[in-house]
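Numbering starts at 1 and runs along the sequence shown. Note: hydrogens, waters and symmetry copies are ignored here, and every other heavy atom, side chains too, is used.
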Amino acid sequence: MVVEVMDHYIQLRMAFSNVDEEEEIHTTIGELANHLCCTMRNMNLIMNKFMDHGWIRWSPQRGRGKTSVLVFCLPLLQAARERFDRFLQGYKLEEAYVLASTLPFSMREILLQGLQGQFGLRSDQCARGRVDTLRIPQETPFETLDPTRAAMWGEVGIVAEVFDRLVQYNAERQVCEPSLAVAWESNPDGTEWTFYLHKGILFHHGRVLDAEDVRYTFERIISDQENPCRSLFGSIHRIETFDELTVRFVLRFPNFMFPDLMSSMNASILPRDMEMDPMHPIGTGPYRLTRNHPKLLVLDVFTSYFRGRAFIDRVEIWQLPQSGLVESVIKQDLFPDGQARSVQHEVQGGVYMTFNMRKEGPQQDLYFRQAVQQLMDPQEMMGALARSSVQAAYSLVRDKSEEKQMLEQIEKNEQSEQLSPPADSSLVRASELLQCSCYAGQIMNVWVEEGEKMETDMAWFAQRCELIGLKVNVMPGNPVDAVYHDEFASYDVIYTGEVFDEHVTLSLLTMYTFHNTLFLMALDDQRKSELERECRHVVMIQDSAERLRTLMTLEGRLIQEALLLPTYSFREEHAHHVSLQDYRVVAFGMPDLRRLWVKRSPNIGEDTASYPAYIPLW
């Protein structure tokens, strides 16, 4: 009841926002009732409650034409902050943001800056002992947590914690290591792979994992013509189980990359006795999903995890409403005492432009695509936008992009010495190519992944287009809608990004075979089939270095055909309290929850301790 009364108080106080506390207001009960859209009888009841809490002083006067005296005692900011904090405690983020949006700008900023204290790790002492909870903000809603369909960065991060795979990839050693499988072997031809499972691994619902679960997992994929990751596992012909701990994959053709495929998030093992709920999945991972509300996803530690219990007890993913909140508001003054450590995460993959090749239009013309490629010159863009956390890219693989950039710079220097081209040579070349193309002045619709940085990129691109007579209409879009609801089917040009995990070769292979990547969704069927054939050749190569070289050659062809236009790679910076130990960022921008622990100071006497952490928004 106090909560409802507080809402009334804030509403009434806002109606007199130009009046200070302790300043007399001459009004009537009827005027006040109009402000709250209620009857005079209810208004009298509300005023009595205000007085009971000591929020106002009220001197009513009776008689026609007489005004009463109202004095506000409780400051608006204090009332709003209490209500805002109560909303957050109840995980009512939408209501908290609605409240903040109704306040004057200065007060709104104060409340939103208070949000920063909600994120990071909170250590509480309660009846069942110490509970450590990590809260992470995110902006992109979850559409599915089915490992065979999840395509968004945040979704895959959750899949990584809920599920395990037969194999795990060790990025530091660049090798595949045992996970659910204790060992594996193949025949010399690479056409049969046998995996031997650990004993006694439990699913979150309590049943022990066995070889039939492994068979079910992959038969579910290969038997479904519409499954987006079916092509990734297209080499599987049949799956045999010899006992509860032994499973063999018989392949259609040699695949020396098969253990690597088994480390893919798409290869997460499912229980055969539970129907897959894409929003409440069951796995064997260190965390089990216990709540998935549109505004809050909760992971609780799985105490029976076969590799040992994780240290963090609970992970809460808070969905931030689309309210224009920028990351700096969360990050600002998060560590006032300077007790922070920064972790740099060099993201593999990057931002790129591609074309909707499933739609008729000028983008089917190589000259047109090459004209756009010149307009999207990475060095020109970086020079114009001057960002510190990004780097011009000529490949989606960071190391290879740096090599290409050096070669490109050498080539440009040589041309400069010989020809001294004008500074706007890329624009000149773009204009020449556009003249050679079939472009006839029509408006080209550009879909850009919504977000301040990428929308700024496209504003720069649109200005460049205007200079050479190319008409574009830029429309920001939600990547979730693009992937799962075919949002960009009517667009001609696509501007988005791809985030790789530590296994770069597997990431490239996935980008070219997993049909829920935006790149493949924009590609026509013929080119998609050609890519699939190329990838089949890649997995038949025994040498891992040669596999990567082959995939890089394939990427080079896509760039040469102006089907893939890399623009820049980026770096993220996490910041965390020094008490958070072994803080390492893994793929998809999450701290490694399997290693993170808290060194709580013995000097802390309170029942609750907070350890701030800044984790970039998804």
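M274 has its side chain out of reach of R207: every pair of non-hydrogen atoms, C-beta onward, lies at least 4.5 Å apart. Under the 4.5 Å side-chain criterion, counting only non-hydrogen atoms from C-beta, Y512 is not in contact with L523. Put simply, the side chain of R547 reaches to within 4.5 Å of the side chain of S544, judged on heavy atoms. Residues L289 and P281 are in side-chain contact: their nearest non-hydrogen atoms beyond the backbone lie under 4.5 Å apart. Residues Q225 and R230 are in side-chain contact: their nearest non-hydrogen atoms beyond the backbone lie under 4.5 Å apart. L506 is listed as a side-chain neighbour of L261, based on a closest heavy-atom distance under 4.5 Å. Annotation: side chain of L551 is in contact with side chain of T505 (closest heavy-atom distance under 4.5 Å). At a threshold of 4.5 Å between non-hydrogen side-chain atoms, the residues F302 and P286 do not count as touching.
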W318 and L296: side chain to side chain contact (heavy atoms under 4.5 Å, CB included), yes or no, with the steps? CA-CA 5 Å; W318 287 25; L296 175 70; 3.5 Å; yes

Check the pair D300 / R288 against salt bridge (charged side-chain N to carboxylate O under 4.0 Å, His left out), numbers first and verdict last. CA-CA 5 Å; D300 281 311; R288 57 192 182 91; 5.1 Å; no

Apply salt bridge (charged side-chain N to carboxylate O under 4.0 Å, His left out) to residues R149 and D224 and explain how you reach the verdict. CA-CA 12 Å; R149 298 181 183 275; D224 181 3; 3.2 Å; yes

Stepwise side chain to side chain contact (heavy atoms under 4.5 Å, CB included) test for T513 and L531: CA-CA 8 Å; T513 55; L531 272 181; over 6 Å; no

E240 and R248: CA distance, side-chain angles, deciding distance, side chain to side chain contact (heavy atoms under 4.5 Å, CB included) verdict: CA-CA 5 Å; E240 302 169 347; R248 175 180 293 168; 3.7 Å; yes

Take I158 and Q138 through the test side chain to side chain contact (heavy atoms under 4.5 Å, CB included) and record every step on the way to the result. CA-CA 12 Å; I158 300 302; Q138 64 131 349; over 6 Å; no

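Closest non-hydrogen pair, E502 versus A171, comes out as CB-CB, 3.3 Å. Here the shortest heavy-atom pairing between A150 and Y484 reads CA-OH, 3.5 Å. Smallest separation of non-hydrogen atoms from V159 and M265: CG1-O, 4.2 Å. Nearest heavy atoms, M152 versus P479: CE-O, 3.8 Å. R215 and I239 make their closest contact through CD-O, 3.3 Å (heavy atoms, listed as atom of the first residue, atom of the second, distance). The shortest heavy-atom contact between S123 and R130 is OG-NE, 3.2 Å.
Screening residues 580-589 for salt bridge (Lys or Arg N to Asp or Glu O under 4.0 Å), with sequence neighbours left out, gives E172-R584, D582-R584, D582-R595.
A donor-acceptor contact shorter than 3.5 Å is absent between the side chain of S569 and the backbone of A393. Side chain of D164 to main chain of L180: no donor-acceptor pair is present (N/O by atom type, distance under 3.5 Å, no hydrogens or angles). Formation of a donor-acceptor pair under 3.5 Å by the D85 side chain with backbone atoms of L88 is not found in this model. When atom types are taken as modelled, the side chain of E555 and the backbone of L396 share a donor-acceptor pair closer than 3.5 angstrom. Counting only distance, with no hydrogens or angles, the side chain of Q581 and the backbone of V578 share a donor-acceptor pair below 3.5 Å. Looking only at distances, no side-chain donor or acceptor of W193 sits under 3.5 Å from a matching main-chain atom of L251. In this structure, the side chain of R307 does not engage the main chain of R594 through any donor-acceptor pair within 3.5 Å. Within the 3.5 Å criterion, the main-chain N or O of E449 finds no donor-acceptor partner in the side chain of T496. Counting only distance, with no hydrogens or angles, the side chain of E155 and the backbone of E143 share a donor-acceptor pair below 3.5 Å. Between the N266 side chain and the P147 main chain, a donor and an acceptor come within less than 3.5 Å of each other.
A search for ring pair (Phe, Tyr, Trp, His ring centres under 6.0 Å) contacts involving Y196 returns nothing, not counting sequence neighbours.
Between F218 and F233, the ring planes lie perpendicular to each other; the angle is over 60°, past the 30° to 60° tilted range. Ring-plane geometry between F195 and F258 is classed as tilted, the angle between the planes lying from 30 to 60 degrees on a 0 to 90 degree scale.
Separating the CG atom in L245 from the CG atom in D210 is a distance of 8.0 Å, to the nearest 0.5 Å. One distance of note links CG of L596 with CG of L580; it measures 5.5 Å at 0.5 Å rounding. Remark: H515 NE2 to L520 CG distance equals 5.5 Å, nearest 0.5 Å. With rounding to the nearest 0.5 Å, the separation of CG in L209 from CG in L270 is 10.5 Å. Annotation: the span from L166 atom CG to L197 atom CG amounts to 6.5 Å, rounded to 0.5 Å. Note that CE of M257 and CG of L509 are 5.0 Å apart. Values are rounded to the nearest 0.5 Å.
Checking S235 against R536 by side-chain atom types alone, no donor-acceptor pair falls below 3.5 Å.
Partner of D501 under the side chain to side chain donor-acceptor pair (under 3.5 Å) criterion, chosen from S507, S264, S263: S507.
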